Amino acid sequence: MDKLFSVELRKGSITHKYGRSSGPSCWRRPSGWCAPRRRAWRGQVCLITGAGSGMGRLFALEFARRRAQLVLWDINTQSNEETAGLVREVYRELEAADALRAGSLVEEEVLPSSNLQVYTYTCDVGKRDSVYSTAEKVRQEVGDVSLLLNNAGVVSGHHLLECPDELIERTMMVNCHAHFWHAEVTWLAPKHAQIPPYPHH
């Protein structure tokens with residue numbers, strides 16, 4: 001154990017050697033790093049950009065296992081639908097598991113998997129009008145968003161001086177500007193909104 005940091009577990013709270021409690025949600029080391037409490041996402045609406053492949057698809061499957069309602073954005077409609085199909089498979093597996101537990105006592109209320117849905121939208125996050133119009137569709141068809149996961153990104157694979165102007169502009173639009181556009185129009189539900197935590201340096 002870190003000699004500079006001793007902890008005492010007591011009913012979910014953690015107290016360091018100076019006697020101050022960080023509460024049940026996290027614990028702190030002298031460096032200021034905070035480990036968040038694992039949050040339950042059952043029934044909450046999770047919007048993931050760039051969900052058609054790679055990390056976006058993995059994020060979608062992980063939140064599906066946590067019984068979140070998923071809103072998937074991607075510029076590639078086919079890839080996005082493939083991810084949605086995998087998510088539905090996860091939902092079906094959860095529903096089968098729930099059926100096996102039917103009739104047994106469950107300490108924690110579980111949202112029936114049959115109530116879980118995944119919504120797909122084709123959106124180019126590098127274009128402001130596309131972000132705004134897609135966000136409005138989500139607002140009307142799904143409702144408030146509990147978690148926004150800005151995963152979409154562009155990787156050129158070239159040195160900066162080897163990139164044409166169009167690729168540099170595209171990279172900046174998707175990897176930078178799009179985050180501001182999402183922040184403006186993706187209305188997070190006040191009671192549930194959360195920004196994924198990162199270590200403080």
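This one's a predicted model, so the numbers in the text were calculated from it and none came from an experiment.
Residues A60 and L70 approach most closely at O-CD1, 3.1 Å, considering heavy atoms. Across every non-hydrogen atom of D74 and A51, the tightest pair is OD2-N, 3.3 Å. Of all heavy-atom pairs spanning L61 and V87, the tightest one is CD2-N, 4.0 Å. Considering all non-hydrogen atoms of both residues, G153 and V174 come closest at CA-CG1, 3.7 Å. Heavy atoms only, all atoms of each residue included: W73 and C123 are closest at CE3-SG, 3.7 Å. Between Y91 and V118 the shortest heavy-atom distance is CE1-N, 4.2 Å.
Here I48 contributes atom CD1 and R57 contributes atom CZ; the two are 12.0 Å apart, rounded to the nearest 0.5 Å. Summarising the geometry, atom CE belonging to M55 is positioned 7.0 Å from atom CG belonging to N151; distances are rounded to the nearest 0.5 Å. Atoms OH and CG, from Y119 and N80 in turn, are 14.5 Å apart once rounded to the nearest 0.5 Å. Taken to the nearest 0.5 Å, the NZ atom of K127 stands 11.0 Å off from the CE atom of M173. Atom CZ of R66 sits about 14.5 Å away from atom CG of L116, to the nearest 0.5 Å. Here F63 contributes atom CZ and L147 contributes atom CG; the two are 5.0 Å apart, rounded to the nearest 0.5 Å.
For R128, the salt bridge (Lys or Arg N to Asp or Glu O under 4.0 Å) test picks out no residue, with sequence neighbours left out. Residues satisfying the salt bridge (Lys or Arg N to Asp or Glu O under 4.0 Å) test with R88, not counting sequence neighbours, are none. Residues satisfying the side chain to side chain contact (heavy atoms under 4.5 Å, CB included) test with T122, not counting sequence neighbours, are T77.
The pair E95-R92 does not meet the salt-bridge criterion, since no charged nitrogen lies less than 4.0 angstrom from a carboxylate oxygen. With respect to D124 and R170, a salt bridge is recorded, a charged nitrogen being found less than 4.0 Å from a carboxylate O.
Within 6.0 Å of atom CD in Q78, 12 or fewer heavy atoms from other residues, nucleotides or ligands are found, so the atom counts as exposed in its surroundings.
At distances below 3.5 Å, not a single donor-acceptor pair connects side-chain atoms of S79 with backbone N or O atoms of S53. In terms of modelled atom types and a separation under 3.5 Å, the side chain of Q69 and the main chain of Q117 share a donor-acceptor contact. Side-chain N or O atoms of T134 include none that pairs as donor or acceptor with a backbone N or O of V131 at under 3.5 Å.
Linking Ile, Leu, Val, Met, Phe, Trp and Tyr whenever their side-chain heavy atoms come within less than 4.5 Å puts V125 and V142 in one cluster. Hydrophobic clustering (side-chain heavy atoms under 4.5 Å, transitive across Ile, Leu, Val, Met, Phe, Trp, Tyr) keeps M172 apart from W181. Residues L58 and L94 are members of one and the same hydrophobic cluster, defined by side-chain heavy-atom contacts under 4.5 angstrom among Ile, Leu, Val, Met, Phe, Trp and Tyr. Hydrophobic clustering (side-chain heavy atoms under 4.5 Å, transitive across Ile, Leu, Val, Met, Phe, Trp, Tyr) groups L86 together with L149.
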